[in-house]
Structures are given as C-alpha cells and as structure tokens.
Amino acid sequence: QVQLVESGGGLVQAGDSLRLSCAASGLTFSTYTMAWFRQAPGTEREFVAAIRLSGSTSYADSVKGRFTVSRDNAKNTVYLQMNSLKLEDTAVYYCAAVAYGMGPYVREESRYNYWGQGTQVTVSS
C-alpha cells in the first residue's frame, strides 16, 4: 500500500518559519514527482509547490520566494520549507505523488494518484 504521511505542522506567528515533511512508502520514491497542495476552510484545494525527478521545482505565485520544496531520495521524504509565513498560508497541507510526471501538468491536482492525510498549519498575527 502506498502511504504518504505529512508532519511538521503547527501554530506559528506571522513572519515565522516552519518545515513540513512527507514520508513516502510503498513506492519507488525516486521515480515519482512529489507535490504540496493546501486547503483552507471553505476553499478548494490549491497547488503550492512540486519537485520532479530531476529536482526541478515549481511554485504557486503566492509562495514563490518564501517557500522551498526539496527531496531526499535516500530517506523517501519530501520537504516544504516555509519562511515569512502569512495569515493567508493557514491551511491543511497535503503531500501528493504521481509516477514520473515530467510533463507541464505538475500544478494540476488531477494528475496526482496518491495523497497524504494532511497536516494543519495555522498562522496567527
């Protein structure tokens, strides 16, 4: 069974930093594109960041320059370093995976086959 388990969420103040982790099992991690999505209460899930097999990254405009996605294939783990957090970053953050996924569709939720349970990030003023 493929499992993606997020961790690292919590309550922080605006301007602070937080690092999320997503540990994957049941798949050949190095052959999967990994991504982060988030969903705030009453809103649709939206793309945050992705990292492909090559290490190439993509970011939503709202987080570019503040967030950094990285992966450690030896640990089967993808990370999301979040700096300069804003109130608008408050959401449940989800890890997602799709095999290979080297096309131009890494920002599309429908491309991902596997999802984690989510971890809550709350940013206060």
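Everything numeric in this text was worked out from a predicted model, so none of it was measured. In what follows, residues are counted from 1 in the order of the sequence shown.
- Sorted by first then second residue, the disulfide bond (SG atoms under 2.5 Å apart) pairs that include residues 33-77, not counting sequence neighbours, number zero.
- By the side chain to side chain donor-acceptor pair (under 3.5 Å) test, Gln3 pairs with no residue at all, sequence neighbours left out.
- For residues 40-51, the salt bridge (Lys or Arg N to Asp or Glu O under 4.0 Å) pairs, not counting sequence neighbours, are Arg38-Glu46, Arg45-Glu109.
- Taking the ring-ring contact (aromatic ring centres under 6.0 Å, His included) definition, one finds that Phe37 meets it with Phe47, Tyr112, Trp115, sequence neighbours left out.
- Take Glu88 and apply the salt bridge (Lys or Arg N to Asp or Glu O under 4.0 Å) test, not counting sequence neighbours, and it matches no residue.
- Screening Val69, Leu4, Val106, Leu53 against Met34 for a side chain to side chain contact (heavy atoms under 4.5 Å, CB included) leaves a single residue, Leu4.
- For Ala40, the side-chain contact (heavy atoms from CB on, under 4.5 Å) partners are Thr43, Ala91, not counting sequence neighbours.
- For Arg107 against Ser58, the heavy-atom pair with the smallest separation is NH2-CB, 4.1 Å.
- Counting only residues at least two apart or in different chains, side chain to side chain donor-acceptor pair (under 3.5 Å) contacts with residues 18-28 are absent.
- Residues Val63 and Val123 are members of one and the same hydrophobic cluster, defined by side-chain heavy-atom contacts under 4.5 angstrom among Ile, Leu, Val, Met, Phe, Trp and Tyr.
- Pairs passing the disulfide bond (SG atoms under 2.5 Å apart) check and including a residue from residues 13-72, sequence neighbours excluded, read Cys22-Cys95.
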Show the atom names and distances, to 0.1 Å, of all donor-acceptor pairs under 3.5 Å that link a side chain in residues 73-85 to residues at least two apart or in another chain.
| unit_1 | atom_1 | unit_2 | atom_2 | d |
| --- | --- | --- | --- | --- |
| Asn73 | OD1 | Arg71 | NE | 2.9 |
| Thr77 | OG1 | Lys75 | O | 2.8 |
| Gln81 | NE2 | Asn83 | OD1 | 3.0 |
| Asn83 | OD1 | Ser17 | OG | 2.9 |

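- Counting heavy atoms from C-beta on, the side chains of Leu27 and Phe29 come closer than 4.5 Å.
- Residues in residues 112-125 take part in no salt bridge (Lys or Arg N to Asp or Glu O under 4.0 Å) pair, two or more places apart or across chains.
- Screening residues 116-125 for side chain to side chain donor-acceptor pair (under 3.5 Å), with sequence neighbours left out, gives Glu6-Gln117, Gln120-Thr122.
- Residues Tyr32 and Ala97 share a closest heavy-atom pair of CD2-CB, 3.9 Å.
- In this structure, Tyr59 and Thr68 have side chains that are in contact, with non-hydrogen atoms separated by less than 4.5 Å.
- For Arg66, the salt bridge (Lys or Arg N to Asp or Glu O under 4.0 Å) partners at least two apart in sequence or on another chain are Asp89.
- Rounding to the nearest 0.5 Å places OH of Tyr94 at 13.0 Å from CG of Leu20.
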